[in-house]
There are 2 protein chains.
Amino acid sequence: MSLSKTFSALSEPNRQKILDLLKKGELSVNEIGKYLDVTTPTLSHHLDILKRADLISSRRQGQQIIYSLNFSILEEVAEKIAKFLAVKKIK
Amino acid sequence: MSLSKTFSALSEPNRQKILDLLKKGELSVNEIGKYLDVTTPTLSHHLDILKRADLISSRRQGQQIIYSLNFSILEEVAEKIAKFLAVKKIK
DNA sequence: TATATAATTAGATATATATCTAAATATCTA
DNA sequence: TAGATATTTAGATATATATCTAATTATATA
């Protein structure tokens with residue numbers, strides 16, 4: 001997974017909000033939609049981008065698709081930034 | 001400064017490379033250009049975006065503009081991600 | 001099995017972004 | 001001060017992205 005793809009996924013406010021919502025626990029598309037001011041197809045598009053960036057996962061539960069947060073990529077990003085910043089201290 | 005603007009600035013590969021180059025020390029536009037496969041105006045555009053995101057600073061030195069890395073915003077990003085991830089441990 | 005509900009996919013459109021060439025600006029130097 | 005060098009700004013263009021409506025797919029249920 002490229003850092004660019006991750007940062008790109010993280011750069012959109014609606015997607016940040018989705019991650020914030022999922023932080024508290026998994027949610028269906030419909031439930032997420034209640035907190036965002038976009039149509040369902042637009043929401044679906046944002047979920048797709050987050051999923052391709054491996055920031056979230058999904059599973060079907062009856063008629064609903066339940067999305068949940070993946071922490072690992074964000075942990076990697078934090079680690080990479082920390083490693084990047086580490087040079088500062090070396091100097 | 002919005003997180004979106006920061007992530008957006010960080011999402012482009014050439015800009016990531018610029019930050020990487022500046023990590024080792026300040027450089028002129030011309031020097032940075034040696035490592036990137038873009039024209040000078042394009043490079044100037046990327047520098048402008050990084051500067052607007054407060055990720056780099058510049059000063060004039062004779063005919064050259066010298067760019068240097070700002071660590072603070074990246075430190076903030078790392079901190080925000082860490083804080084975001086902290087909920088995981090709480091639960 | 002027809003209808004309702006949940007979500008995605010398709011297709012269109014408007015805005016943003018990355019890129020280039022050409023022109024402008026700033027500084028240095030012969 | 002004329003010409004060279006360094007960088008930015010202006011303007012054009014092609015690609016990417018966010019958004020919508022309409023259509024499709026998947027599941028549940030009366």
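Below, read A as the first sequence line, B as the second, and so on, with proteins coming before strands; counting in each chain starts at 1.
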Closest approach to the side chain of [X], judged atom by atom: which nucleotide of [options] is it?
X	options	answer
A:I49	C:dA6, D:dA18, C:dC20	D:dA18
B:P41	C:dT19, C:dA7, C:dT21	C:dT21
A:L47	D:dT7, D:dA18, C:dT8	C:dT8

- Query: For A:L47 and A:I56, which heavy atoms make the closest approach, and how far apart are they?
  - Reply: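 Closest pair (atom of A:L47, atom of A:I56, distance): O-CD1, 3.5 Å.
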Rounded to the nearest Å, what distance is computed from the [atom1] atom of residue [X] to the [atom2] atom of nucleotide [N]?
X	N	atom1	atom2	result
B:E31	D:dT7	CD	C1'	14 Å
B:Q63	C:dT27	CD	C1'	5 Å
A:D48	D:dA18	CG	P	11 Å
A:K51	C:dT8	NZ	C1'	11 Å
B:I65	D:dA6	CD1	C1'	8 Å
B:H45	C:dT21	NE2	C1'	16 Å
B:I66	C:dA26	CD1	P	18 Å
B:L10	C:dA18	CG	P	12 Å

Respond yes when some side-chain nitrogen or oxygen of [X] is under 4.0 Å from OP1 or OP2 of [N], and no when none is.
X	N	answer
B:N30	D:dT5	no
B:Y67	D:dA6	no
B:T40	D:dT7	no
B:T42	C:dC20	yes

Taking atom types as modelled, find out whether [X] and [Y] have a side-chain donor-acceptor pair closer than 3.5 angstrom.
X	Y	result
B:S4	A:E12	no
B:S28	B:E31	yes
B:T39	B:T42	yes

So what does [X] touch, heavy atoms closer than 4.0 Å: a base, only the sugar-phosphate, or nothing?
X	value
B:N14	sugar-phosphate
B:H46	sugar-phosphate
B:L43	nothing

- To the nearest 0.5 Å, how far apart are CG in B:N70 and CG in B:L50? 10.0 Å
- Pick the nucleotide of DNA chain C nearest each of A:S44 and B:R60; which residue has the one closer to the 5' end? A:S44
- Single hit among B:R52, B:H46, B:K51 for side chain to side chain donor-acceptor pair (under 3.5 Å) with B:D48: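 In the set B:R52, B:H46, B:K51, the residue that makes a side chain to side chain donor-acceptor pair (under 3.5 Å) with B:D48 is B:R52.
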- Sort out the partner of D:dT27 for me: Watson-Crick or G-U wobble, both distances under 3.5 Å, none otherwise. C:dA4
- Residue whose nearest DNA chain D nucleotide is more 5′ - A:Q61 or A:S11: A:S11
